[in-house]
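Read the structure below first, then the notes.
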Amino acid sequence: MERMIEMALQTQPDSGQLAVAATSKRFVRFRKYLPLTLMVIPGLLYLMINNYLPMAGLVIAFKEINFAKGILASDWVGWKNFEYLFATSDAYIITRNTILYNAAWIVLGTMLAIFLAIMLNEVKQKLFARFYQSVIVLPHLISIVIVAYLVYAALSLETGFINKSILPLFGMDDIMFYFEPKYWPFILTAVHLWKGLGFSVVVYFAAIIGIDEEYYEAARLDGATKWQQIRGITLPLISPVIIMLTLLAVGRIFYSDFGLFYQVPMNSGPLYETTNVIDTYVYRGLLGLGDIGMSAAAGFYQSIVGFILVLTANFIVRKIDRDNALF
Amino acid sequence: MFRENRVWQTAAHIIYILLTIACIAPFVLLISSSLTDEAVILKSGYSFFPKEFSLDAYRYLLTGGESIARAYGITVFVTVFGTATGLLMSAMLAYPLSRRDYPARNILLFLVVITLLFNGGLVPTYLVYTQLLNLKNTIWALIVPGLLMNGFNVMLIQTFFRTSIPSAVIESASIDGAGEFRIFWTIVLRLSTPVLATVGLFQTLMYWNDWMNGTVYLTNTKLYGIQNVLNRILSDAQFLASSSFGANSNVLASASPPLETVKMAIAVIGVLPVLIVYPFCQKYFVKGIALGAVKG
């Protein structure tokens with residue numbers, strides 16, 4: 001190959017040799033960038049196996065998997081898996097739960113996070129502000145398994161703090177939390193906020209401290225109250241961040257934090273009505289019930305609808321602010 | 001004016017003190033319960049102050065220490081090996097992406113961004129790992145799925161390379177005859193410690209906290225990392241008795257294990273490393289969150 005390149009380099013691009021020169025130029029370029037290409041290979045190979053192969057694998061939703069025959073040789077069954085899935089009440093429950101939890105949390109989480117970030121900005125002692133930030137981020141870093149233990153310590157029937165120490169104060173009977181679905185929308189919301197709010201606060205706080213102090217000084221000279229400053233300066237100036245984060249969250253409304261919905265209710269069957277979401281349904285179908293067909297159909301449904309939502313959200317972000325769009 | 005500031009400041013402090021308590025209290029409940037006598041717990045439940053101090057739970061876990069030590073060992077190996085490999089792989093993929101003159105740049109960027117938007121989900125991924133790569137019940141099943149974590153890391157590193165390393169530095173090194181690998185290793189990586197530290201920290205945490213891969217790909221409990229052991233003990237009380245945890249103990253084997261306190265004690269053992277290390281690197285986490293959010 002090197003000889004070819006040398007020859008190509010010596011060759012003058014005469015009329016008859018233009019084609020040869022073009023290919024040789026490509027060789028030169030290829031050789032120049034060969035080291036960079038070598039660097040890309042491990043990562044690219046990984047993406048192909050870990051990400052792209054499973055994307056192609058989505059077609060198994062249209063197959064009846066038979067491990068004896070192998071995946072490729074398994075029979076095509078058309079939309080049958082989907083018909084089964086949507087014939088059950090599960091499809092409705094998991095879609096409803098996934099969307100309602102996400103929608104409620106986007107609204108509640110965003111409002112609380114902005115409020116707390118504004119309040120954090122009022123803490124003028126740097127040391128305190130930094131300390132508070134560190135503390136509220138801590139729950140975000142704990143594994144959801146540990147969170148399940150913390151929740152168990154509070155809710156357990158025989159030994160939980162609430163059943164043993166709080167309810168008796170009010171003369172109330174024990175509550176079997178792990179068997180009563182009606183409490184779980186509130187429990188999951190509390191746990192979600194406890195674990196994730198600090199993260200959002202830090203994000204919004206970073207946006208707020210990026211605002212030029214001069215705006216506030218000018219406003220103060222004009223006698224603006226704190227409340228007026230927040231409404232007139234802070235909120236409008238961080239609104240690009242709010243809009244972007246909200247739209248991205250809307251784009252992911254079909255996905256949920258699997259660990260939260262699986263670990264924290266301790267996979268308790270009686271709670272499925274309020275704790276089953278698409279992710280947990282797919283997991284149980286695959287590893288618990290062994291119903292790969294329905295599980296694959298639910299996964300396909302999630303991937304496709306999720307993808308459409310992400311594209312839509314990104315399209316809107318792009319319309320509002322090009323720089324903040326993902327692509 | 002000044003009075004108004006006072007009021008806001010006081011309100012802010014009060015709110016944040018309450019939040020601090022809310023964030024810390026569950027850990028206090030956990031630790032306190034693990035240090036309480038089992039009989040007291042059974043009678044009056046978990047509480048924030050050990051009414052009767054006892055180390056029985058830890059003593060019980062210590063007698064079956066091999067199993068916990070092995071789970072710890074597996075988690076540490078997976079975390080260290082996975083983070084090192086993953087970080088190198090991400091940086092190696094990110095560097096050519098950061099070079100505007102690299103001809104394949106756009107197509108590669110496209111391939112990375114697609115993975116952020118669309119994925120095959122659990123079932124096809126599971127089939128790839130178990131049927132094609134045969135990673136079921138191997139330690140690699142705990143490492144490989146997390147290597148690139150997600151495309152966001154690659155994009156984060158790529159952006160840093162592109163914006164923070166002057167192309168003049170790379171060009172002059174290239175004129176001096178340094179090859180691409182040398183430039184990458186001795187210049188680019190050296191100048192990128194902030195972003196590598198941030199990404200590395202988040203990846204370390206991801207591996208340390210991961211329980212999903214173990215649940216999905218392992219049926220052999222000998223390969224369980226610490227999170228999977230924790231998970232099994234909480235969901236299945238029998239697991240504690242049936243596995244070798246504490247089983248070697250002749251003294252305690254006759255009596256039933258102090259189950260409710262042992263549960264709390266093992267959770268403390270699982271979370272303690274994070275609680276101990278966190279104060280030293282909280283700065284990077286907080287910075288990393290702000291950085292990652294500003295431009296993913």
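Every chain is numbered from 1, with letters handed out A, B, ... down the list of sequences.
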Residues of residues 33-43 of chain A with any heavy atom under 4.5 Å of a heavy atom in chain B
A/Y33, A/P35, A/L36, A/T37, A/L38, A/M39, A/V40, A/P42, A/G43
Which distance, rounded to the nearest 0.5 Å, do you find between the CD1 of B/I266 and the OH of A/Y149?
6.0 Å
What part of A/F131 lies closer than 4.5 angstrom to a heavy atom of chain B: side chain, backbone, both or neither?
side chain
Nearest 0.5 Å please: distance from the CH2 atom of B/W211 over to the CD1 atom of A/I146.
13.0 Å
Please rank B/F202, B/F48, B/Y46 by heavy-atom pairs under 4.5 Å with chain A and give me the top one.
B/Y46
Checked B/L19, B/L275, B/L148 vs chain A; the most non-hydrogen pairs under 4.5 Å come from B/L148
Highest number of heavy-atom pairs under 4.5 Å with chain A among B/I15, B/T10, B/L122, B/L111 belongs to B/L111
If you look at every heavy atom in A/Y46 and B/L147, which pair is closest and at what distance?
OH-N, 3.4 Å
With only heavy atoms counted, which part of B/I24 is less than 4.5 Å from chain A, the side chain, the backbone, both or neither?
side chain
Determine the minimum heavy-atom distance between A/I49 and B/V128, stating which atoms define it.
O-CG1, 3.9 Å
Identify which part of A/Q302 has an atom lying under 4.5 Å from any heavy atom of chain B, answering side chain, backbone, both or neither.
neither
Looking only at heavy atoms, what is the nearest atom pair of B/L93 and A/L44, with distance?
CD1-N, 4.4 Å
Nearest non-hydrogen partners of B/L234 and A/A148, listed with the distance
CD2-CB, 3.7 Å
Could you check A/V137 against B/Y278 for side-chain contact (heavy atoms from CB on, under 4.5 Å), going step by step and ending with a plain yes or no?
CA-CA 10 Å; A/V137 166; B/Y278 181 60; 3.6 Å; yes
Below 4.5 Å, heavy atoms only, C-beta onward: do B/Y126 and A/L287 meet side chain to side chain?
yes
Cut-off 4.5 Å, heavy atoms of chain B, and the answer for A/L141 is both
Quick one: which of B/F27, B/W208, B/F110 has the most heavy-atom pairs under 4.5 Å with chain A, could you say?
B/F27
Looking only at B/V144, B/N228, B/V274, most heavy-atom pairs under 4.5 Å shared with chain A are made by B/V144
When the 4.5 angstrom heavy-atom criterion is applied to A/L286 and chain B, the contacting part is side chain
Checking heavy atoms, do the side chain of B/A11, its backbone, both or neither come under 4.5 Å from chain A?
both
Please classify the contact of A/L197 with chain B as side chain, backbone, both or neither, using a heavy-atom distance under 4.5 Å.
neither
List in chain and number order the residues that pass side-chain contact (heavy atoms from CB on, under 4.5 Å) with B/L272, two or more places apart in sequence or in another chain; answer none if no residue qualifies.
B/V268, B/I276
What's the verdict on side-chain contact (heavy atoms from CB on, under 4.5 Å) for A/S143 and B/Q227, showing C-alpha distance, side-chain angles and the deciding distance?
CA-CA 8 Å; A/S143 102; B/Q227 303 293 343; 2.7 Å; yes
More than 12 heavy atoms from other groups under 6.0 Å of NZ on B/K43
no
With only heavy atoms counted, which part of A/Y178 is less than 4.5 Å from chain B, the side chain, the backbone, both or neither?
neither
A/S268 versus chain B, heavy atoms under 4.5 Å apart: side chain, backbone, both or neither?
neither
Is it the backbone or the side chain of B/S33 that comes under 4.5 Å from a heavy atom of chain A, or both, or neither?
neither
Side-chain donor/acceptor of A/N51 to backbone N/O of B/N119, under 3.5 Å:
no
Which atom of B/H13 lies closest to which atom of A/F128, heavy atoms considered
CE1-CG, 3.8 Å
Report the option among B/G121, B/P26, B/S47, B/S90 that has the most heavy-atom pairs separated by less than 4.5 Å from atoms of chain A.
B/P26
side-chain contact (heavy atoms from CB on, under 4.5 Å) for A/Y152 and B/L30? Distances and angles first, verdict last.
CA-CA 10 Å; A/Y152 174 83; B/L30 186 79; over 6 Å; no
To the closest 0.5 Å, what do you measure between CG (B/L29) and OG (A/S165)?
8.5 Å
Sort B/Q131 into side chain, backbone, both or neither according to what part of it lies under 4.5 angstrom from a heavy atom of chain A.
side chain
Enter the distance from B/M212:CE to A/Y262:OH here, rounded to the nearest 0.5 Å.
9.0 Å
Just jot down the salt bridge (Lys or Arg N to Asp or Glu O under 4.0 Å) partners of B/D101, sequence neighbours excluded, or say none.
B/R99
Side chain, backbone, both or neither: which part of A/I60 has a heavy atom under 4.5 Å from chain B?
side chain
Chain B heavy atoms under 4.5 Å from A/L193: which part of the residue, side chain, backbone, both or neither?
neither
Flag for A/Q133-B/Y16: side-chain donor and acceptor within less than 3.5 Å
no
What's the separation between atom CG in A/N314 and atom CG in B/L117, rounded to the nearest 0.5 Å?
7.0 Å
Taking all atoms of both residues into account, what is the closest heavy-atom pair of A/S295 and B/V123, and its distance?
OG-CG2, 3.4 Å
Side chain / backbone / both / neither for B/A267 at chain A, heavy atoms under 4.5 Å
both
Taking salt bridge (Lys or Arg N to Asp or Glu O under 4.0 Å) as the test, write out the residues that go with A/K226, two or more places apart.
A/E122
